[in-house]
Amino acid sequence: MGETVDMTEADGTRETVRRHLAAWWETNARDLPWRFGRTTPWGVLVSEVMSQQTQMSRVVPYWRSWMAAWPDAAALAAASTAEVITAWGKLGYPRRALRLQECARVVANECHDDLPETYDGLTALPGIGDYTASAVMSFAYGKRIAVIDTNIRRVLSRVFDGRESLGGATSRADRELAQRVLPDDAVRSTVWNQSVMELGAVVCTAKKPMCERCPVSAECRFLAAGRPGLGERRTRPRQRFQGTDRQVRGLVLNALRAKPQGSQTIGREEIRALWKDRVQLDACIASLDEDGLIEMMPDGSLRLPD
DNA sequence: GTCCAGGAGG
DNA sequence: CCTCCCGGAC
């Protein structure tokens with residue numbers, strides 16, 4: 001040990017965790033098409049937006065065809081909204097598709113088709129919040145920035161604090177911990193963010209973490225403590241899907257997406273057949289219209305917007 | 001039944 | 001803080 005720097009035990013553990021995780025990343029990282037410098041910053045952004053609340057395995061085929069159709073912001077900006085909503089398919093939360101196109105239009109028209117390279121510039125874009133901006137900064141630009149999502153919060157809380165992250169909004173403690181353990185070197189910080197997230201996605205999962213396969217099990221305070229409160233969460237049980245407005249909105253959009261391109265319209269009869277509860281159906285149609293996902297025509301039919 | 005690589009609006 | 005927004009994997 002050098003005589004100038006007195007390394008604390010915590011520093012040593014942190015460094016050991018970084019090394020083990022980086023080695024694990026080398027051989028275990030999933031070969032996703034937007035990784036390892038194979039796409040543009042815009043491609044990374046698209047992958048992150050598609051991945052919001054959506055499993056990566058479902059995202060991959062959508063991302064491929066999406067990027068083939070619209071390789072950059074200018075291309076997406078020029079597409080019709082109907083095409084964009086249709087291409088979003090069954091990824092869910094279609095407002096994301098609308099915001100992604102709005103984002104593309106801002107980038108194309110106000111940024112000369114160049115994605116901003118600052119956190120503030122990115123968060124100013126439609127549909128880009130703290131997580132996605134940080135992810136693009138780290139994964140696309142290689143900047144040193146702490147990325148914080150539910151996986152990272154869970155992994156860091158377990159490994160370094162020995163307890164479950166209880167969900168809810170990101171706390172000051174979450175941010176301080178993420179900052180404290182982020183490697184100083186930019187390149188290493190990018191690997192760190194990706195590998196911690198990957199570990200949370202495939203090994204250190206919420207309910208059934210596979211500690212026997214974990215590269216940092218020897219340093220994990222949560223495991224050492226006997227995994228107290230495993231799977232515990234503060235968030236209330238999620239709203240059911242069956243019978244919700246989300247289901248009804250999905251039915252309406254699915255009916256429109258199923259129509260041939262160029263005439264994606266459904267009439268009164270077909271609309272009414274979609275859902276029994278007329279009041280709820282009308283409310284959902286109104287909310288889809290407000291969101292800009294559909295247009296209500298004077299004759300009562302619906303169509304996807306131009 | 002549970003879980004998601006969140007963001008926006010209230 | 002809170003709620004809403006989708007759909008499939010497991």
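With B/dG6, C/dC6, B/dC4 as the candidates, the nucleotide lying closest to the side chain of A/Gln55 is B/dC4. For A/Tyr93, the listed nucleotide lying nearest its side chain is C/dC5; candidates were C/dC5, B/dC4, B/dG7. In the set B/dC4, C/dG7, B/dA5, the nucleotide with an atom closest to the side chain of A/Arg257 is C/dG7. Considering only the side chain of A/Met56, B/dA5 comes nearest among C/dC6, C/dG7, B/dA5. With distances taken from any side-chain atom of A/Ser51 to the nucleotides B/dA5, B/dA8, C/dG7, the minimum falls on B/dA5. The side chain of A/Gln52 has B/dG6 as its nearest neighbour among B/dG6, C/dC5, B/dA5. Distances were taken from every side-chain heavy atom of A/Arg95 (C-beta onward) to each of B/dA5, C/dC5, C/dG7; the shortest belongs to C/dC5.
A straight line from CE of A/Met197 to C1' of B/dA5 spans 6 Å, rounded to a whole angstrom. Here the C1' atom of nucleotide C/dA9 and the OH atom of A/Tyr62 are 14 Å apart, to the nearest Å. B/dG7 atom P lies 9 Å from atom CD of A/Glu48, rounded to whole Å. One atom, CG of A/Leu125, and another, C1' of B/dA8, lie 15 Å apart when rounded to the nearest Å. Distance, A/Leu91 CG to B/dG7 C1': 16 Å, rounded to whole Å. As rounded to whole Å, 16 Å separates atom P of C/dC4 from atom CG of A/Leu288. Between A/Asp245 atom CG and C/dT3 atom C1' the separation is 12 Å, expressed in whole Å. Rounding to whole angstrom units, CZ of residue A/Arg30 and C1' of B/dC4 are separated by 12 Å.
At the heavy-atom level, A/Thr132 lies under 4.0 Å from the strands shown only through sugar-phosphate atoms. Across all strands, A/Ile128 comes closer than 4.0 Å only to sugar-phosphate atoms, never to a base (heavy-atom distances). Counting non-hydrogen atoms under 4.0 angstrom, A/Thr150 reaches the backbone sugars and phosphates but no base. When heavy atoms are screened at a 4.0 angstrom cut-off, A/Asp291 is found touching no nucleic acid atom at all. Across all strands shown, A/Leu251 has no heavy atoms under 4.0 Å from either base or sugar-phosphate atoms. Among the heavy atoms of the strands lying under 4.0 Å from A/Gly92 is at least one base atom, whether or not backbone atoms are also near. A/Arg249 comes within contact range of the sugar-phosphate backbone alone, with a heavy-atom separation under 4.0 Å but no base atom that close.
A/Arg188 and A/Glu15 are joined by a salt bridge, as a carboxylate oxygen and a charged side-chain nitrogen come within less than 4.0 angstrom of each other. For A/Arg35 and A/Asp31, the salt-bridge test fails: no basic side-chain N is under 4.0 Å from an acidic carboxylate O.
Judged purely by distance below 3.5 Å, without hydrogens or angles, the side chains of A/Glu48 and A/Tyr131 pair a donor atom with an acceptor atom. Side-chain polar atoms of A/Thr54 and A/Arg96 form a donor-acceptor pair below 3.5 angstrom. For the residue pair A/Ser301/A/Asp299, the side-chain donor-acceptor check at 3.5 Å is satisfied.
If you take atom P in B/dA5 and the same atom in C/dC10, they sit 13 Å apart, rounded to whole Å. Across the P atoms, B/dG9 and C/dC6 are found 14 Å apart, a figure rounded to whole Å.
Between A/Arg246 and the phosphate of C/dC4, there is no side-chain N or O to OP1/OP2 separation shorter than 4.0 Å. Using a 4.0 Å cut-off, no side-chain N or O of A/Thr205 falls inside it from OP1 or OP2 of B/dC3. For B/dC4, one of the phosphate oxygens OP1 or OP2 lies less than 4.0 angstrom from a side-chain nitrogen or oxygen of A/Arg154.
Annotation: of the two residues near DNA chain B, A/Arg35 and A/Pro126, the 5′-most nearest-nucleotide partner is A/Arg35.
Aromatic ring orientation, A/Trp192 versus A/Phe160: tilted (interplanar angle from 30° to 60°).
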Evaluation steps, salt bridge (Lys or Arg N to Asp or Glu O under 4.0 Å), between A/Glu164 and A/Arg158: CA-CA 6 Å; A/Glu164 287 288 42; A/Arg158 282 176 176 171; 2.7 Å; yes

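If you check distances only, the side chain of A/Gln247 never reaches the base of C/dG7 with a donor-acceptor pair under 3.5 Å.
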